[in-house]
Amino acid sequence: MAREVDLISAFISILLEKLVSDSLTSLARSVGFFSELEAIKNSLTDVQLGLTDAGEKSKSRLDVEEWLNKLQNLVYEIDDLLDDMAYEAMRTELRSNKITPRFFAKFIPHIYKHGHEMSSKLDEVKIRLDILVEEKIILGLIDDIGRHTETITRLGETSMADTSQSIFIGRDEDKAALLTRLLGNENRNQNFDVLSIVGIGGIGKTTLARVLYDDVKVKQHFELKAWVCVSGKFHVFKITIAIFQSVSWDTQTFTNLDMLQVALREKLSNKRFLLVLDDVWIEQGEKWDSLKCPFLVGAPGSKVIVTTRNSSTTKVMGSVHPYHMKELSTQDALSLFAQHALGVQNFDLHPELKSVAERIVIKCHGSPLALKAVGRLLRTKTNAEEWEELLTSDEWSFRDDGGIIAALKLSYDDLPNRLKLVFAYCSIFLKDYAFDKDELILLWMAEGFLYESNGLKSMENLGDEYFEELRSRSFFLPSAGEKSYKMHDLVHDLAENMAGERFVKLRDDFRYRRVDFEKVHHLSFNHQEFDLDHNFRDLLEFRRLQTLLAVSTELGGRQKSFLSNNVLIELLPQLQFLRVMNLCDYSITEIPQSIGTLKHLRYLNLSRTKISALPEQVGDLYNLQSLLLCGCKKLLSLPNTLVKLRNLRHLGISDTPRLKKIPSGIIELTSSRTQSKVIIDGANGFSLSQLKGLLNIQGQLSIEGLHNVINTIQATEAELEQKTGLYDLVMECNEKFEHQVLEALRPHDNLRNLKILFYGGVKFPNWVGDDSFVWLTELTLRGCRNCSCLPTLGHLKSLRKLFVESMNEVKIVGSELFWQPENFSHDNAFPLLEVLEFKNMQGWNEWSIDGGDRGRTTNSFPCLHEISILNCPKLSLVSIGSVPSLRVLRIKRCSKVVLESMVSVSSSIVRVTLENIKELTQFDVEVLEHFGAVEYLCVKRCDELVCLWELESVACKFLLNLENLEVQYCKSLISLGKKEGDSRISLKSVKRVDIRNCDRLERYSFPESIERFVISDCPSITGLTFVQVQEFQSDLKILDIQRCYNLGEEWLYNNFFSSVEYLEMGRLPRLKLNHEKCFSHLTRLVIRGCDNIESIPEDGFGFLPGLCLTSLQIISCMNLKSFPYKHLPGLSSLERLWISNCPNLESFPCGLWPPKLSNLTIGGLKNPMSEWKQQNFPDSLVTLHLHGENSGMVSFAGAEDARDTSNSTSSSFLLPTTLSFLELNGFSQLKSISHGLKHLSLDGLVIDSCPKLEDLPEERLPFLSSLKIYYCPKLQEKCHRKKGKYWNMISQIPEIYV
């Protein structure tokens, strides 16, 4: 309890400020309970004075601990009571505005009735407080007479943590050593290397990894990058989806790991990637083997950086030379300490402090985290005595790794109590949670932690000060993103230790440590893919809950979670004290009307849910400060009652494409600071001039419907230039929008991101491109079809990204885009521009900025590394001089002239993507000679392309670095080289080749260095040729051949393929498998639609026991009669097996299975499923997909049927009890499953195309997380919404589709 004393004191201080606030005092005087409030204030002040002594004595006295516990409970109750009063005051004010004198007499009694009720409750509180005051005397608690009002002393900006200079003291050698390994290609036997950084907590592993990750050379070297904080359980699926979302920005859901890894392989294919796995602890090699499967398709030189405290982790992950981080040297440690304590490099100017500083440094044991924490603590202490006092503190007796916890505890103890409160609140988040600074401040605000009675600072500004103070002490560390931060694990541990019993974080299974339900006020939980009703019903035990916070467990991204609407219907009426409710990312479709009863609610986050509307009762949430609906794609409307929410400060409605109207009275919410979208309505809706009332609006704003603006006066009245807090602005118009109106809508110079969409004027206003916009980093001009020229933009000093799209009247882009001749130099245009894209410019024919001097080198575009010219069919002249920094070039639907001009601007281009290039028949020498640095070349839909080059021997002279080659949809392509050359000459650098949909391609010869080869939909190809493997060891790992109908079988029996690990063959009608002793290293084998195959050899294709086959699929091979199924029990690594639609496959299944099989798809075999006997499935089997074609199944056996061998009336095929997911597909005769499924404990059930099926296992339905039913008419009728027999039972299932 002692650790919570400071939090109690902070809370009492906030209550005391509320008690003297003008609004509460005015209400109390008018209703008649001012004296009660005064008495409560005096008693609270009295008990607060004894808290310091109570904290010390509670360590050894249970009676004092009990006194503190009662006080804390009462403090929360008083806060709720004051909140009730504020709510009633707001309701009274709103109602009084609508009451006419005729009804006023009826309204008066309500006021006095409410006042009488409040007075009674206050009397009760006063009595309980008086008892605590008396007990304080009896317990002998001594007042802290010297107690004074705490203030927050802000540290100077120079002390802020993570400048590049202060981060990296003493780590230059570490960085240099790892950078060399990172940019090299250490292991030629596989595509990626594992670099592990090992060290104790707080030594700087993550910081070093982040510096490497952000290094300029690293950014240029790797095509894809992903950072995943693992921290805790090594969950392969969650880590994989985090990687996928990081490299693709795709949030699609996946039902199993196999599908997810296929998608990730597509993203990583042919690309050199860098993956950081931060804070890993793993001792099982199988999990790492499973995770790394998709990495094998990456380009050579790919790297995985692992940070870990555990040396054994490096062995499991195959890191040959782990890098062990050492403590900082004494000199470096002293320098780092000086920077954070004094803001200087050393102690030369402070000799009186050097001696004590050296002794403090010794106690920190060279840990950067400890040195920063203690240094910043001493930032405001200026004399040696204070430093000596800290040195002799008892906190150093904490036993931990290198004194880090002790250092952090000292820094925590030095915090003002209110900062301790907001810091402790962070304990309810997960370790490695990515804190959004603005989101966290809104939560603090909703919890009442940011209250100030004088109102001199806004709550948001006060929260910003609190956050920055915590950041300055290293309690928050920068993460990816501008406002994203994380807590070090050890800091998070400290927060948990200090928070006490009021803050609880539930585990994944909704279990919690033994707690007093009455004490818990702030609760978070990890929402899973499926959260069951009974999990949430358990929350009703927490009767005084103020915080209900769903925190995503997904690493690196968001994953949709499913929750039935019944949960909210039952839950909300019972949680009447809620102030914070976050249910974002749940597939919620409806919010119950009972939401309006949560009168304490201040923060409601329903972002990325599936709601289409909010109930009108939301307007009764008078205390609501933040309503967040971002990413609600189905949201159609907002309730008109929102105009009653006078305290609403943040309305998040960005990314709501179907929301086309907002309540006109929303502008009356003068407290509003964030309103991410407004829609100008020409009728009686929101008008542009009403923006004037949003005085404090900040952050992002999208203005839609600007074409409804009648005149310039409305635009001027909007006073957009006065909105100093706006950073991100979108203006969406149409062709009717006038130039003068846009001219009058000039935003403030603080703008960071500007989009002007579908502007109809013939020229842009003067302010677009004005050099006063010194912070503008991104500009988009899209659909401005009447503008014939672009604004001058070259002098925007901070601009990094420029997108110009669908401006059909632009014919020439010349020097006017880059500079104004009278006041701007030719040689310094676009000083920071990195990305430039022109797209869908139908009338554009000339791009010239160098006066025709094509060879001229200028200093324009000094940082430009990516240019895209997409769908600009008339562009015929490009003359922009030299752009040495260019690395990425994308050209689509342009002429060959554009290609020839653009490749000549830089010799450093590493990625080239070409699509639909007119008149391109082959790459001439004049083009190839500029491809010397190219590593990735992609050619698509070039219909006139006959070959890539004249001779491969010529191409080899120029394409020295080409590693990845993709050719797709080139219908005239016959071969890569026009002429046959020496077969011993090949592109030695090529590692990846992907050829698809080239109808006339006849032949292909493998380069000797190839590691991955994919070819599909090339019906004319008849042969593949190879280099003789006797000369070298083949590196080919992945071979994927699909729908090459004329390709025979001769290519298959070549030792070149002995190294293949992934083999997929589909729709190859001439293919036979007669040769044994090949493909002995397979981990994945897929054979699909190869009707000429009658058998698979036993000695080959990964079937020999002891080999590493993990996944096997044999699908739709109509003439297959046998495969080595007897070897299955010896395949100890096989986890996924798919055997289906092979109607001639005999003697299978026969009860022989791989011992670790977890996922099985089976059906459509010669042996009907109705005749299957006991299959003896392994206990590892959890996912089963059954295909019922010609199965003869009418029902499945129950557990008792399987034991009764005399029963011949039903199938003896018993479904295994280990299943958590079951799919039944295509059972035309199946009538019943209620009996055959009742012994299963399923999470997910899918039933597809079972037209005669009539029932479901009723007793198991309440426990399902997901139920999907397709094309089952009889069953669908019984599951009909609200009318069907099963509806009441299935309506509580989180995910349901019928």
Side-chain angles (χ1 to χ4, degrees), residues 185 187-193 222-224 243-244 247 261-275 292-304 910-911 913 934-940 948 959 961-968 976 986-998 1001 1004-1018 1021 1024-1027 1029 1032-1044 1047 1051-1052 1054-1066 1068 1078-1079 1081-1086 1102 1108 1110-1111:
N185 193 6
N187 192 344
R188 303 298 300 183
N189 295 323
Q190 62 182 36
N191 302 330
F192 71 94
D193 297 308
F222 294 99
E223 301 167 65
L224 293 175
I243 298 169
F244 175 78
V247 300
Q261 290 193 331
V262 169
L264 179 58
R265 278 196 297 271
E266 291 178 358
K267 298 298 180 182
L268 298 182
S269 176
N270 295 328
K271 295 180 174 63
R272 184 190 293 138
F273 66 84
L274 170 62
L275 168 64
K292 73 179 183 181
C293 285
F295 305 164
L296 299 174
V297 303
S302 297
K303 297 292 192 299
V304 177
V910 296
R911 288 182 62 87
T913 302
V934 171
E935 299 174 3
Y936 172 85
L937 175 61
C938 178
V939 185
K940 297 181 179 179
L948 294 186
L959 299 174
N961 292 289
L962 184 64
E963 296 182 354
N964 307 303
L965 175 63
E966 295 183 13
V967 185
Q968 300 177 13
L976 268 61
S986 66
L987 296 168
K988 297 183 184 299
S989 59
V990 173
K991 310 293 184 187
R992 306 276 193 286
V993 176
D994 192 325
I995 303 175
R996 303 173 191 259
N997 298 88
C998 296
L1001 184 68
Y1004 178 77
S1005 180
F1006 284 79
E1008 63 183 51
S1009 55
I1010 193 166
E1011 297 175 357
R1012 179 183 187 273
F1013 178 67
V1014 176
I1015 185 168
S1016 66
D1017 299 282
C1018 297
I1021 194 164
L1024 302 171
T1025 58
F1026 320 90
V1027 180
V1029 297
F1032 69 100
Q1033 177 66 41
S1034 170
D1035 292 327
L1036 186 63
K1037 296 291 189 299
I1038 297 175
L1039 180 61
D1040 187 347
I1041 303 178
Q1042 309 274 342
R1043 294 175 293 280
C1044 296
L1047 188 63
W1051 61 272
L1052 190 60
N1054 190 296
N1055 288 337
F1056 188 83
F1057 295 130
S1058 61
S1059 59
V1060 171
E1061 297 177 358
Y1062 179 103
L1063 173 62
E1064 182 164 355
M1065 301 178 291
L1068 304 178
C1078 59
F1079 299 107
H1081 293 90
L1082 283 184
T1083 61
R1084 300 172 62 87
L1085 173 62
V1086 181
C1108 48
T1110 62
S1111 178

**Q** Is the backbone of Arg1084 close enough, under 3.5 Å, to the side chain of Ser1111 for a donor and an acceptor to pair up by distance?
**A**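 No.
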**Q** Once rounded to the nearest 0.5 Å, what's the spacing between atom CG of Leu1085 and atom OG1 of Thr1110?
**A**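 These two atoms lie 10.5 Å from each other.
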**Q** List the residues meeting side chain to side chain contact (heavy atoms under 4.5 Å, CB included) with Glu963, not counting sequence neighbours, and say none if there are none.
**A**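 If we apply the side chain to side chain contact (heavy atoms under 4.5 Å, CB included) test to Glu963, skipping adjacent residues, the hits are Arg272, Ala299, Pro300, Lys991.
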**Q** When rounded to the nearest 0.5 angstrom, what distance separates CG in Asn997 from OG in Ser1016?
**A**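 Between Asn997 CG and Ser1016 OG, I get 5.5 Å after rounding to 0.5 Å.
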**Q** Check Thr913 against Tyr936 and note the closest heavy-atom contact, atom names and distance.
**A**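 Heavy atoms only, the tightest pair is OG1-CE2, 3.7 Å.
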**Q** Quick one: salt bridge (Lys or Arg N to Asp or Glu O under 4.0 Å) partners of Glu1061, sequence neighbours excluded?
**A**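 Listed in chain order: nothing, the list is empty.
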**Q** Please report the closest heavy-atom contact between Ser1059 and Lys1037, naming both atoms and the distance.
**A**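 For Ser1059 versus Lys1037, the nearest heavy atoms are O-CD, 3.8 Å.
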**Q** Please evaluate residues Leu1001 and Val967 with respect to the criterion side chain to side chain contact (heavy atoms under 4.5 Å, CB included), reporting the C-alpha separation (whole Å), side-chain torsions for both, the decisive distance (0.1 Å), and the verdict.
**A** CA-CA 11 Å; Leu1001 184 68; Val967 185; over 6 Å; no
**Q** Which residues pass the side chain to side chain contact (heavy atoms under 4.5 Å, CB included) test with Lys292, sequence neighbours left out?
**A**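 Result, side chain to side chain contact (heavy atoms under 4.5 Å, CB included) vs Lys292: Phe192, Trp288, Asp289, Phe295.
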**Q** Pair Asn964, Glu966 - check side-chain hydrogen bond (donor to acceptor under 3.5 Å, both in side chains), show working.
**A** CA-CA 7 Å; Asn964 307 303; Glu966 295 183 13; over 6 Å; no
**Q** Identify the two heavy atoms, one from Val247 and one from Leu224, that lie closest to each other, and give their separation to 0.1 Å.
**A**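 That closest heavy-atom pairing would be O-CD2, 4.1 Å.
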**Q** Kindly give the heavy-atom pair with the smallest separation between Arg265 and Val262, and that separation in Å.
**A**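 So the minimum-distance heavy-atom pair works out to NH2-CG2, 2.9 Å.
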**Q** Just jot down the salt bridge (Lys or Arg N to Asp or Glu O under 4.0 Å) partners of Arg996, sequence neighbours excluded, or say none.
**A**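 Asp994.
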**Q** List the residues meeting side chain to side chain contact (heavy atoms under 4.5 Å, CB included) with Ile1041, not counting sequence neighbours, and say none if there are none.
**A**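 Partners of Ile1041 under the side chain to side chain contact (heavy atoms under 4.5 Å, CB included) test: Ile1015, Leu1024, Leu1039, Cys1044, Leu1047, Trp1051, Leu1068.
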**Q** Of all the heavy-atom pairs spanning Phe222 and Gly301, show the shortest one and how long it is.
**A**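 Scanning both residues, the minimum pair turns out to be CE2-O, 3.5 Å.
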**Q** Any chance you could measure Asp1040, atom CG, to Leu1063, atom CG, to the nearest 0.5 Å?
**A**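 Answer rounded to 0.5 Å: 8.5 Å.
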**Q** To the nearest 0.5 Å, tell me how far Leu987 CG sits from Ser1009 OG.
**A**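 Atom-to-atom, Leu987:CG and Ser1009:OG are 8.0 Å apart.
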**Q** Name all residues meeting the side chain to side chain donor-acceptor pair (under 3.5 Å) criterion together with Thr1083; count only those two or more places apart in sequence or in a different chain, and write none if there are none.
**A**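 None.
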**Q** Kindly write out the residues that satisfy ring pair (Phe, Tyr, Trp, His ring centres under 6.0 Å) with Tyr1004, not counting sequence neighbours, or none if the list is empty.
**A**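 Once residues adjacent in sequence are excluded, the partners of Tyr1004 under the ring pair (Phe, Tyr, Trp, His ring centres under 6.0 Å) criterion are Phe1006, Phe1013.
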**Q** Could you grab the distance from atom CG of Leu948 to atom CG of Leu976, nearest 0.5 Å is fine?
**A**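 CG of Leu976 is found 4.0 Å from CG of Leu948.
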**Q** Supply the atom-to-atom distance Leu274 CG to Lys303 NZ, rounded to the nearest 0.5 angstrom.
**A**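 If I round to the nearest 0.5 Å, the distance is 9.0 Å.
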**Q** Check Ser989 against Asn961 and note the closest heavy-atom contact, atom names and distance.
**A**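 Residues Ser989 and Asn961, closest heavy atoms: OG-C, 3.7 Å.
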**Q** With sequence neighbours excluded, what pairs up with Cys293 under the side chain to side chain contact (heavy atoms under 4.5 Å, CB included) test?
**A**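 Result, side chain to side chain contact (heavy atoms under 4.5 Å, CB included) vs Cys293: Gln261.
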